[in-house]
Amino acid sequence: MSKPRFYVTTAIAYPNGRPHMGHAYEAIATDVIARFKRLDGHDVRFLTGTDEHGLKIDQAARAAGMNPQAYVDQMVAPFRALDEQLGISFDRFIRTTDADHKALVQALWQRMAANGDLYLGRYEGWYSVRDEAYYDEAELVEAQDAAGATIKLSPQGTPVEWTVEESWFFKLSAYQERLLTLYDSNPAFIQPQSRFNEMRAFVAGGLSDLSVSRTSFSWGIPVPGDERHVMYVWLDALANYLTGAGGLDGEWWPADLHIVGKDVVRFHTVYWPAFLMSAGIALPKTVFGHGFLLNRGEKMSKTLGNVVDPADMATRFGVDRLRWYLCREVPFGEDGSYSDEAIVERTNADLANGIGNLAQRSLSMVAKNLGGLMPVRGQPGDSELRLKEAFHAGTEAYFAAMNALALHKALDAIMGMVTAANGYFAENAPWALAKTDTVRMAEVLAATLDATRRIVLLAQPFMPASTAALLDQLGVATDARDFSGFNTPVEAGTQLPAPAGVFPRVTLDG
RNA sequence: GGCAGCGUAGCUCAGUUGGUGAGAGCGCCGGAUUCAUAACCCGGAGGUCGGCAGUUCAAGUCUGCCCGCUGCUACCA
């Protein structure tokens, strides 16, 4: 009776600037997974949001002449707006400044303390405010400042300063064995495989205790019982997944899947499970580290001047085109590249020439020759059996890929079915049958429309709006669009609306 | 420095435990066709599978070395 549950999250974004393509990509990929699970009969909880504490926000607010809360209230707006624009079907947009989250983090701290894993110590070292991280002396690089003096910079090229502060520490070192056991007994915990290997090697190399509080600024969640300290932003941030689940013993916990960028895999696969073990809380099932998007193969950076606004991209190409491109062209888990040309080329080929054309050519024949009434299927012949075989294999490949988070392979499977359906259509040439055998023509059209229906159903997670429009044209009732109705064709005789192109070809010139 | 991975047609990449003449998609060229968004369908174009040397009857597919690239990590301070 009750559906299986699926709790999926994105990492939360740090709103000290405008959202970039990386945010859009992560949100889209996670949304695709969430929508797939819903269509596949799961009760889904999808969490995304913003990470709003920390020194960088504090400083940015100061620079803007605002208090931090007012500053983040303003900065978070574009992130929510982008999610809305991209059709991200989140159930909650969490902010680490939310009251329930602050309370939860303090409760989490107390559990970790009760377990004896937190102790007061002293932290000193080279600290980069920009990176919010300490660095070993050896990692630093020397450079000249504007006045020509020699200064030290972090590996990221940000300024560092020698900092000494009292700090609470987490006994991360005590968790090495348990983490290794976790990895070895559950290889799916860290994906893709390359990240698993890296993280296992990192932990196997030994762990130091982790500084988990700061006294150098106050924009954060106070440490219970020691209000001079605010909590380390990562402890604060990671706990958002618990808040979003409904609390320390939340009904949605444990998470089935954390989708995160490859740069924060360590926080999610080493620190996070250790925190949870300390607090006696179950661990998430899987952490998946996706790759980065490159603009024409180059990293996006302000200095290169190649930063692209995802909202602008979505406006220019359309949300579904963008979603399709990112999932189709970038192997999920690896870095990917995009350009206006690539998006136009890819989506014209797949959507306009492929899916859109398949729907249009068959629907227009039904409209012109059969009064728009869904035709009756005939006894399957050789041609139909081959089509059926191709779809059986394609559908299986699609589900296997989706369940393995290989989004690009799922779309490859869909395109294989598009090719099979177009091949079937051309082979049987219903336009010729219209003059010789209208019964057979109707059968061919019926088979093609059902093939199209299946393709569009499977494409729903990737292109919510376009597929809804196509399913309308295909006469698929709104309550027959999840995967439980996959093998139920539209009833013959159903009146179809007048077809209209859903994926027009686009060109680059303005 | 260590560990891991990668380098295959213009582009993005597939290529199980080594074995019929090395593949797909896109792009490109030609043909066919007109139901369709000049799209679909059919065919083609030919890349010393990073380099060198080995193992083997036989190597993108195993071994060693070299070149280039990437990720993680370490040290020298």
Side-chain angles (χ1 to χ4, degrees), chain A residues 126 135-142 152 155 190 192-208 261-266 269-270 289-292 294 296-297 299 325 328-339 341-370 375 383 397 401 406 408-409 411-416 418-435 438 441-442 444-445 448-449 451-452 466 470 473 499-507:
Chain A
W126 292 101
Y135 292 100
D136 286 343
E137 178 92 32
E139 293 180 90
L140 303 179
V141 294
E142 295 200 336
K152 291 178 182 297
I190 307 174
Q193 182 71 38
S194 55
R195 301 292 156 199
F196 178 95
N197 296 338
E198 289 174 1
M199 290 305 112
R200 196 189 185 291
F202 174 75
V203 173
L207 294 171
S208 308
K262 65 181 184 179
D263 55 329
V264 294
V265 168
R266 187 203 292 181
T269 59
V270 180
H290 68 250
F292 291 157
L294 307 174
R296 295 180 190 284
K299 223 174 243 183
Y325 176 84
R328 165 89 158 132
E329 196 81 351
V330 182
F332 196 48
E334 293 174 36
D335 289 351
S337 189
Y338 68 89
S339 63
E341 294 82 358
I343 293 174
V344 167
E345 192 175 279
R346 181 87 257 167
T347 58
N348 275 344
D350 291 349
L351 304 181
N353 300 350
I355 297 173
N357 187 227
L358 174 66
Q360 187 67 13
R361 68 195 309 199
S362 51
L363 284 169
S364 74
M365 281 203 71
V366 171
K368 287 178 189 170
N369 298 285
L370 300 170
S383 192
H408 59 297
K409 288 188 181 174
L411 291 186
D412 194 54
I414 286 180
M415 288 313 297
V418 173
T419 297
N422 267 321
Y424 168 82
F425 196 83
E427 181 183 329
N428 290 283
W431 58 89
L433 290 169
K435 299 164 188 162
T438 53
M441 173 201 75
V444 171
L445 291 176
T448 305
L449 287 183
T452 307
S466 310
L470 279 168
Q473 294 189 29
V502 171
F503 298 117
R505 286 179 67 82
V506 294
T507 53

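What's counted below: heavy atoms across the whole structure, side chains too, no hydrogens, waters or symmetry copies. Remember, predicted model here, so these are calculated numbers, not experimental data. Chain A is the first sequence line, chain B the second, and so forth, proteins listed ahead of strands; every chain is numbered from 1.
Distance, A:F503 CZ to B:A39 P: 17 Å, rounded to whole Å. Rounded to an integer number of Å, the gap from A:W431 CH2 to B:A32 C1' is 11 Å. In this structure, CG of A:N353 is placed 5 Å from P of B:C40, rounded to the nearest angstrom. In this structure, A:D350 places its CG atom 9 Å from P of B:G27, rounding to the nearest Å. What separates NE2 of A:H408 from P of B:C26 is a distance of 17 Å, to the nearest Å. Spacing between atom NZ of A:K262 and atom C1' of B:G5 amounts to 12 Å, rounded to whole angstrom units. One atom, CZ of A:F332, and another, C1' of B:U12, lie 18 Å apart when rounded to the nearest Å. As a whole-Å value, the separation of A:F425 CZ from B:U37 P is 12 Å.
In this structure the side chain of A:L370 reaches within 4.5 angstrom of the side chain of A:M441, judged on heavy atoms. Taking the side chain as every heavy atom from C-beta outward, A:F503 and A:N348 never approach each other to under 4.5 Å. Residues A:N353 and A:R505 meet the side-chain proximity criterion, which asks for heavy atoms closer than 4.5 Å.
Pairing for B:G1 goes to B:U73, judged as Watson-Crick or G-U wobble with the two contacts each under 3.5 Å. Nucleotide B:G68 forms a pair with B:C6, judged by Watson-Crick or G-U wobble geometry with both contacts under 3.5 Å. Pair check for B:A14 finds none; no Watson-Crick or G-U wobble contact set falls under 3.5 Å. Across all strands shown, B:U63 is found opposite B:A53 as a Watson-Crick or G-U wobble partner, with both distances under 3.5 Å. Base-pair partner of B:G43: B:C29 (Watson-Crick or G-U wobble, both distances under 3.5 Å).
Using the six-membered ring where Trp is involved, A:F425 and A:W431 have ring planes that are tilted, between 30° and 60° apart.
A:K368 comes within contact range of the sugar-phosphate backbone alone, with a heavy-atom separation under 4.0 Å but no base atom that close. No contact: A:S194 has no heavy atom under 4.0 Å from any strand. Among the atoms of the strands shown, none is found under 4.0 Å from any heavy atom of A:G205. Across all strands, A:A201 comes closer than 4.0 Å to no nucleic acid atom at all (heavy-atom distances). Within 4.0 Å of A:Q360, counting heavy atoms only, lies at least one base atom of the nucleic acid. Residue contacts for A:N357: at a heavy-atom cut-off of 4.0 Å it reaches a base atom on one of the strands shown.
A distance of 9.0 Å separates OG1 in A:T452 from CG in A:L470, rounded to the nearest 0.5 Å.
A residue-by-residue look at A:P504 and A:D412 shows that A:D412 has its nearest nucleotide of RNA chain B further toward the 5' end. Each of A:R195 and A:N422 was matched to the nucleotide of RNA chain B holding its nearest heavy atom; the match closer to the 5' end belongs to A:N422.
When the P atom is compared between B:G46 and B:G23, the two are found 14 Å apart, to the nearest whole Å. Going from the P atom of B:A32 to that of B:A22 covers 31 Å, rounded to whole Å. Only the P atoms considered, B:C57 is 15 Å distant from B:G18, to the nearest whole Å. Comparing the same atom, P, in B:G10 and in B:G5 gives a spacing of 28 Å after rounding to whole Å. Comparing the same atom, P, in B:A77 and in B:A4 gives a spacing of 27 Å after rounding to whole Å. Of the C1' atoms belonging to B:G21 and B:C3, the separation is 40 Å, rounded to the nearest Å. Spacing of C1' atoms, B:G47 relative to B:C11, comes out at 13 Å, to the nearest Å. If you take atom P in B:G27 and the same atom in B:C41, they sit 11 Å apart, rounded to whole Å.
The shortest distance between the side-chain N/O atoms of A:R361 and the OP1/OP2 oxygens of B:U37 is not below 4.0 Å.
Comparing atom distances between the A:R505 side chain and each of B:G27, B:A4, B:U37 picks out B:U37 as nearest. Comparing B:C35, B:C26, B:A39 against the side chain of A:A349 picks out B:C26 as the nearest.
B:G43 has its base anti relative to the sugar, with a glycosidic angle deviating from 0 by more than 90°.
Formation of a donor-acceptor pair under 3.5 Å by the A:Q473 side chain with backbone atoms of A:A500 is found in this model. Between the side chain of A:D335 and the backbone N or O of A:F292 there is at least one donor-acceptor pair closer than 3.5 Å.
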